[in-house]
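This report refers to the structure that appears directly beneath it.
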2 protein chains.
Amino acid sequence: MTSIHDVAEATGVSTATVSRALRGLPNVSPRTRELVRAAATQLGYVPSPSASGLSGGRHHAVAIVIPSTARWFYVTVVEGVDSVLRRENYDTFLVILAATATDRERLFNNALLRKRADAVIALGIDFTAEERRELRTVGMPAIVVGSPVRGVRSVGIDDLAAGKLAMDHLLALGHRRIGHLGGETEWGMDHSVGQDRSQAWRSALRNVGIEPEPHWYALGGFLMPPAKAAALEMLASEQRPTAIFAGSDEMAFGAMLAAAELGLRVPEDLSVIGIDDHDWSESFGLTTVKQDPRDQGRVAARSVVDELSGAEEVTDRVTTAAVTLVVRRSTAPPAGQSEPDGRTSTRPPG
Amino acid sequence: MTSIHDVAEATGVSTATVSRALRGLPNVSPRTRELVRAAATQLGYVPSPSASGLSGGRHHAVAIVIPSTARWFYVTVVEGVDSVLRRENYDTFLVILAATATDRERLFNNALLRKRADAVIALGIDFTAEERRELRTVGMPAIVVGSPVRGVRSVGIDDLAAGKLAMDHLLALGHRRIGHLGGETEWGMDHSVGQDRSQAWRSALRNVGIEPEPHWYALGGFLMPPAKAAALEMLASEQRPTAIFAGSDEMAFGAMLAAAELGLRVPEDLSVIGIDDHDWSESFGLTTVKQDPRDQGRVAARSVVDELSGAEEVTDRVTTAAVTLVVRRSTAPPAGQSEPDGRTSTRPPG
DNA sequence: CTGAAAGCGCTAACAA
DNA sequence: TTGTTAGCGCTTTCAG
């Protein structure tokens, strides 16, 4: 395990100079720097993060915490985060965090956050006031991906607006009986994402004078299987909706699968729209409100890296990521109305 | 940042004793141990991994490397790994590794593997001889999840057997024209998983005297969208297969979606079988060869943790995980043959 | 521009 | 059973 001493010896300079040279600090003669660099690569030297972390206080690692690996959004953000972190030579700690209080407590009392990572990127977590205070105290850069959290930087879409975009599309098509597949809210998790999207559904309906019926709303937990089950029930009802707005594409897939199982054609008998633009949505022919989680991950990572590099308070407190409507084959005017254009209606892919 | 000194002072013992007491080492009086423990929690002390890593050589972290986040198998294994690592108080480094040589080189020359992690768990990676030697040299425990790799411990299913199970099911149903959706093989990645499953398909066919036709085989890259595209093409051919064996459930979903798009009913017009038992397979009604990646992850993590705990060469070199056939609604005898039982055939969920 | 020295927080002999 | 003494490998003043 070659150490900084070996490089110093090989070069004939002090370890201090080696350290400076390798980290690109000023006040090192070009010649010396080159010599040191050459020796380092020649010897296959890499600095020990433990040692530099201990002495310098920077660990060159950031923790990314997600509630589960089961949702496309989370793992896709992780991929984005990882890509910039790797390029910047940071290592990535992955923390999969259940919603339980003990799990979260452990996280915050853990060495990981206190003495191991230089920053945290949290997904779908709603920090408590105390947690925020802790972060502040330790002076640890933190950013949330998802809906804004008071006092913490964040990047994410405007869920209300995204929901409105989806609903406007459905309403413009002529739908009035519109169902919704929403997410559940666990304590301290994902607080507003699901709520805001559901709220958008409710408001949009009321804005056109429709009071949403209870059985038009069901919980899909942001996962496909429970969403399918919920949709099955919703679609079995007497006055079933002519369209479903799902709070995520994965839940929308569930709706499409449910429709297929009931012999309902999409979009002839049922329109379906989601939010995300999941990697599979195009194959499903799903109309959706597209967001770019990979990019949000990159932005978040860039943000903490910049802050760690000393850039003074670079980013905005809350960065709003763009959304766009992507119309595919899962939405059309409700039965009885003529189609507005020549789109061919295919069989339901679900 | 309270340190071991604070605890020592508060307790009136030396730092060495604190260290011993907290780590549960022998030769500490029960009374002292209690005192130390109390002081530690009271002060909110947590040891610095950098410091103990530097002095002790154990970092209490393991690296898990995966080729991408886009495949259910990988992220699900990660979840299993993470769960036991967390319970054992290890932190998890996530490394997402492209197949490129430079990416892999960087991994091995990185501080991460050399001076930061105590062990590696690799998914879908085929270590080169040199890489294996490096691991050996550093004395770093390593385990592969997936198909066996020479000289490295591994846990995974028998892909040949899994493929045979799938094919036997289809053959027993009476299918003879059976197509296959296989995975691509990138350099150093996933070498045999895809190959073995494809091989199982080919062999099974030949064993019953059928020479697989070229257009019965297509590459799906282990991802749904390309698999769907491939299936679309395969099913458009004149003498299309009556059944498709997909190398993974995600690719099987693609086949089901393709069938639906072509107006083919599953299973009446086309049977589909996969491997995995993906979280969504039940909702798709997909017949599959079930494996348990979460558990494989747990086994892998347990294995390296045990080895790090000094257990001498505990686990077998290669652990074979179980597979079982799960029959659902996507398979049936080919058209023209009577159904063996009273299963109702539903519309294709894809 | 470079070196010497102190110290980051912990563990590991070696004594006591 | 417990304390003392060295480091682990690096960064960081402070001198020069």
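Reminder, nothing fancy here: chain letters follow the sequence lines and each chain counts from 1. Computed over heavy atoms, backbone and side chain alike; hydrogens, waters and symmetry mates excluded.
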First and last nucleotide of DNA chain C in contact with chain B, 5' to 3', at under 4.0 Å to a heavy atom: what are they?
C/dG9 to C/dA13

Under a 4.0 Å heavy-atom criterion, the protein footprint on nucleotides 3-12 of chain D, written with B, S and -, is BB--BBBBSB

Taking the side chain as every heavy atom from C-beta outward, state whether A/Ile121 and A/Val62 have any pair of such atoms under 4.5 Å apart.
yes

Taking side chain as C-beta onward, heavy atoms only, is B/Val304 less than 4.5 Å from B/Tyr90?
no

Salt-bridge test for A/Glu34 and A/Arg31: reply yes if a basic N is under 4.0 Å from a carboxylate O, no otherwise.
no

Less than 4.5 Å apart, side chain to side chain, heavy atoms only: is that true for B/Asn110 and A/Val46?
no

Which class fits the ring pair B/Phe127 and B/Phe108: parallel under 30°, tilted 30 to 60°, perpendicular over 60°?
perpendicular

Would you say the side chain of A/Glu79 lies within less than 4.5 Å of the side chain of A/Arg294, judging by non-hydrogen atoms?
yes

In this structure, OG1 of B/Thr15 is separated from CZ of B/Arg20 (nearest 0.5 Å) by 9.0 Å

Can we say A/Glu134 and A/Arg114 salt-bridge, meaning some charged N sits less than 4.0 Å from an Asp/Glu carboxylate O?
no

Could you check B/Arg136, B/Arg104, B/Arg150 and say which one makes a salt bridge (Lys or Arg N to Asp or Glu O under 4.0 Å) with B/Glu131?
B/Arg104

Just by modelled atom types, is the A/Val13 backbone N or O under 3.5 Å from a matching donor or acceptor in the A/Thr11 side chain?
no

Can you give me the bend angle of the helix from C/dC1-D/dG16 to C/dA16-D/dT1? Use the axis through the first five pairs and the one through the last five, nearest 10 degrees.
30°

